[in-house]
Amino acid sequence: MSYPNCQKQTLGQKLRFLRLSRQYTQEQISRCLNMERAAYANYENDRRIPTFPYIVSISNFYDIYIDFLIRDDCSDVSRRHRSETEPLLTDFYMLNPVFRKMVLEFVHYLLLKQKTTEMQDASLRKDASSFSDASKLFRPF
């Protein structure tokens, strides 16, 4: 994703571009970043500059390099943007910490289940190939 006229944009304009290009409200962003909406609005309106921890949080939320926010040269915004995962991650970060933990536990459960299933499938394939090899020994005359 390329930012138009990046060299001439303030930090606030970049934040607004990111938010609007992903169709978020200031309320949604501020909730995800655990801050007041007015504080985020001050960043977008260039009334305040976010502290470094908030810059890190913002770059993580949008999945962009911090450089995009703080440097003039920002032709390549996307770090590992994938349109399939972005809505899922956005929804995940909008959950409260208790539900996030539940989601992570469920994902770990699914990964374990998948691994177990793959191991069982591999074992069945091995047994089937052993049976095939053994059947070659007993060919009819």
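Only this structure's heavy atoms are used, side chains among them; waters, hydrogens and symmetry mates stay out.
At least one side-chain heavy atom of Arg22 sits under 4.5 Å from a side-chain heavy atom of Tyr62. Using a 4.5 Å heavy-atom cutoff, the side chains of Tyr43 and Leu11 are not in contact.
Taking the side-chain contact (heavy atoms from CB on, under 4.5 Å) definition, one finds that Arg100 meets it with Phe92, Tyr93, Leu95, sequence neighbours left out. Applying the side-chain contact (heavy atoms from CB on, under 4.5 Å) criterion to Asn96, with sequence neighbours excluded, gives Val98, Phe99. For Thr25, the side-chain contact (heavy atoms from CB on, under 4.5 Å) partners are Glu27, Gln28, not counting sequence neighbours. For Gln26, the side-chain contact (heavy atoms from CB on, under 4.5 Å) criterion is met by Arg19, Arg37, Tyr40, Ala41, Glu44, not counting sequence neighbours. Partners of Tyr54 by ring-ring contact (aromatic ring centres under 6.0 Å, His included), not counting sequence neighbours: none found.
When hydrophobic clusters are built by joining Ile, Leu, Val, Met, Phe, Trp and Tyr residues whose side-chain heavy atoms come closer than 4.5 Å, directly or via intermediates, Ile29 is not grouped with Leu20. Residue Leu111 is grouped with residue Val103 when hydrophobic side chains (ILVMFWY) are merged at heavy-atom distances under 4.5 angstrom, including chains of intermediate members. Clustering ILVMFWY residues whenever any of their side-chain heavy atoms sit less than 4.5 angstrom apart, transitively, puts Ile64 in the very cluster that holds Phe52.
Under the side chain to side chain donor-acceptor pair (under 3.5 Å) criterion, the residue pairs touching residues 103-116 are Gln114-Glu118, with sequence neighbours excluded.
Side-chain N or O atoms of Asn42 include none that pairs as donor or acceptor with a backbone N or O of Arg48 at under 3.5 Å.
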